Amino acid sequence: MDSEEDTKAAGRGGWRVTLGVLVLILAGAVGVALWQGVDLGRTFQEARKTTEEAATTARVKAAFMLSNRVSAFDIDVDTEGGVVTLRGQVPANEIRELAEAIAEDVASRAEIRNELDVVPGVRPDSELEELRRRVGELEIETSVMAALAKHPRLREKNIRGDVTGDRVTLEGSVDHAEDKLGAERLAQATEGVHSVVNNIVVEESRQRMDD
């Protein structure tokens with residue numbers, strides 16, 4: 001019993017030593033900061049402010065990317081001191097006003113400073129256009145594959161949907177013709193799809209041809 005109590009006491013003593021060392025380190029760090037004239041409270045406040053401003057900028061940029069009319073143009077967003085500033089070029093005043101309205105809605109607590117220049121004939125940013133197009137295709141492809149995965153007859157089938165623009169090309173194989181038609185109907189019913197190219201092979205038909 002004495003040995004067990006001694007072990008517990010030693011353990012408690014070890015934790016006390018560790019805690020004491022951590023306190024000394026923290027006190028030393030604070031002491032150095034104060035000795036160097038650093039205002040810790042102000043430093044923490046500035047760090048928090050910077051984080052909040054970065055988050056506001058990110059939200060406004062994300063909202064622009066979701067807009068079909070605004071996302072095509074390279075709009076710079078800068079947040080500082082509670083002011084969100086928009087810079088760049090757009091081809092029409094209505095797009096300039098739309099960008100400002102989006103920023104006001106997303107950053108409702110901030111002042112919006114719209115410095116966008118209206119330059120008729122300015123072309124969309126090619127990289128942003130390509131990114132937007134590809135993201136749209138991936139959204140359609142994901143929706144088609146999700147619909148196929150939920151279908152009791154098609155979920156286990158080897159079907160792939162490749163999307164180009166608003167056209168879906170179905171590849172793979174099924175056992176019966178009705179499954180091929182069912183996959184086409186599911187793809188056609190997906191939002192954003194305007195046409196379907198059905199290249200699915202019916203194994204039943206292939207087997208008959210082989211026979």
Side-chain angles (χ1 to χ4, degrees), residues 51 54-79 84 86-92 94-103 105-107 116 121-211:
T51 302
T56 299
T57 297
R59 286 198 301 270
V60 173
K61 286 185 175 181
F64 285 167
M65 287 300 297
L66 293 174
S67 170
N68 290 331
R69 303 184 66 189
V70 175
S71 62
F73 301 97
D74 186 12
I75 297 178
D76 179 68
V77 182
D78 181 64
T79 306
V84 176
L86 310 179
R87 298 185 181 92
Q89 295 181 342
V90 293
E94 57 184 313
I95 296 179
R96 182 180 187 274
E97 292 177 353
L98 176 58
E100 182 175 342
I102 292 173
D105 185 69
V106 174
L116 291 171
V122 65
R123 304 296 300 172
D125 186 284
S126 58
E127 291 185 1
L128 290 177
E129 278 283 274
E130 176 62 21
L131 176 62
R132 179 169 166 262
R133 181 193 65 79
R134 186 54 188 149
V135 168
E137 290 176 349
L138 290 173
E139 288 177 344
I140 294 175
E141 182 177 321
T142 301
S143 297
V144 170
M145 297 308 296
L148 293 172
K150 292 178 182 178
H151 195 282
R153 289 176 61 105
L154 300 174
R155 65 178 60 169
E156 301 297 333
K157 304 303 179 182
N158 181 28
I159 302 176
R160 183 180 73 257
D162 295 325
V163 180
T164 302
D166 54 12
R167 184 185 66 191
V168 177
T169 301
L170 297 176
E171 305 281 354
S173 60
V174 294
D175 297 327
H176 307 288
E178 55 264 35
D179 292 336
K180 176 178 179 177
L181 181 59
E184 181 176 336
R185 287 174 175 171
L186 282 176
Q188 189 68 62
T190 302
E191 183 178 358
V193 176
H194 287 181
S195 63
V196 178
V197 177
N198 195 341
N199 293 334
I200 296 175
V201 175
V202 179
E203 295 293 345
E204 184 181 58
S205 301
R206 176 185 288 179
Q207 185 175 3
R208 289 175 183 174
M209 292 177 62
D210 293 341
D211 293 341

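Positions are given from 1 along the sequence. No experiment lies behind these values; they were computed from the predicted model shown.
Checked against side chain to side chain donor-acceptor pair (under 3.5 Å), E139 has no partners two or more places apart in sequence or in another chain. For T142, the side-chain contact (heavy atoms from CB on, under 4.5 Å) criterion is met by no residue, not counting sequence neighbours. With sequence neighbours excluded, the residues that form a side chain to side chain donor-acceptor pair (under 3.5 Å) with N199 are E171. Looking at residues two or more places apart in sequence or on another chain, you find a salt bridge (Lys or Arg N to Asp or Glu O under 4.0 Å) between R160 and D162. Listed by chain and number, the residues in a side-chain contact (heavy atoms from CB on, under 4.5 Å) with T190 are S143, V144, V193 (sequence neighbours excluded). With sequence neighbours excluded, the residues forming a side-chain contact (heavy atoms from CB on, under 4.5 Å) with S195 are R167, listed by chain and number. Looking at residues two or more places apart in sequence or on another chain, you find a side chain to side chain donor-acceptor pair (under 3.5 Å) between R134 and E137. Partners of Q89 according to the side-chain contact (heavy atoms from CB on, under 4.5 Å) rule, which considers only residues two or more places apart in sequence or in another chain, are D117, V119, V122.
Applying the salt bridge (Lys or Arg N to Asp or Glu O under 4.0 Å) test to every pair with at least one member in residues 55-75, sequence neighbours left out, gives these pairs: R69-E94. The salt bridge (Lys or Arg N to Asp or Glu O under 4.0 Å) contacts involving residues 182-202 comprise nothing, where partners must be two or more places apart or lie in separate chains.
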Return all side-chain donor-acceptor pairs below 3.5 angstrom for residues 146-156, not counting sequence neighbours, or 'none' if the list is empty.
| from | atom 1 | to | atom 2 | distance (Å) |
| --- | --- | --- | --- | --- |
| H151 | ND1 | R153 | N | 3.1 |
| H151 | ND1 | L154 | N | 3.4 |
| R153 | NE | D179 | OD1 | 2.7 |
| R153 | NH2 | D179 | OD1 | 2.9 |
| R153 | NH2 | D179 | OD2 | 3.3 |
| R155 | NE | H151 | O | 3.4 |
| R155 | NH2 | K150 | O | 3.3 |

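To the nearest 0.5 angstrom, I75 atom CD1 is 8.0 Å from I102 atom CD1. The line from CD of Q188 to CG of L181 is 11.0 Å long, rounded to the nearest 0.5 Å. To the nearest 0.5 Å, the span separating OG1 on T169 from CD on E141 amounts to 10.5 Å.
When all heavy atoms are compared, the tightest approach of A103 to L86 is CB-CD1, 4.2 Å. Between G121 and P91 the shortest heavy-atom distance is N-CB, 4.3 Å. Heavy-atom minimum distance, V84 versus A107: CG2-CB, 4.1 Å. In this structure, I159 and A183 approach most closely via the heavy-atom pair CD1-CB, 4.1 Å. Heavy atoms only, all atoms of each residue included: G161 and L170 are closest at CA-CD2, 4.2 Å.
At least one side-chain heavy atom of V77 sits under 4.5 Å from a side-chain heavy atom of F64.
Side-chain atoms of K180 come within 3.5 Å of backbone N or O of I200 as a donor-acceptor pair.
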Test side-chain contact (heavy atoms from CB on, under 4.5 Å) on V202 and V174 and set out the steps. CA-CA 5 Å; V202 179; V174 294; 4.3 Å; yes
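Other residues, nucleotides and ligands contribute at most 12 non-hydrogen atoms within 6.0 Å of the CZ atom of R123.
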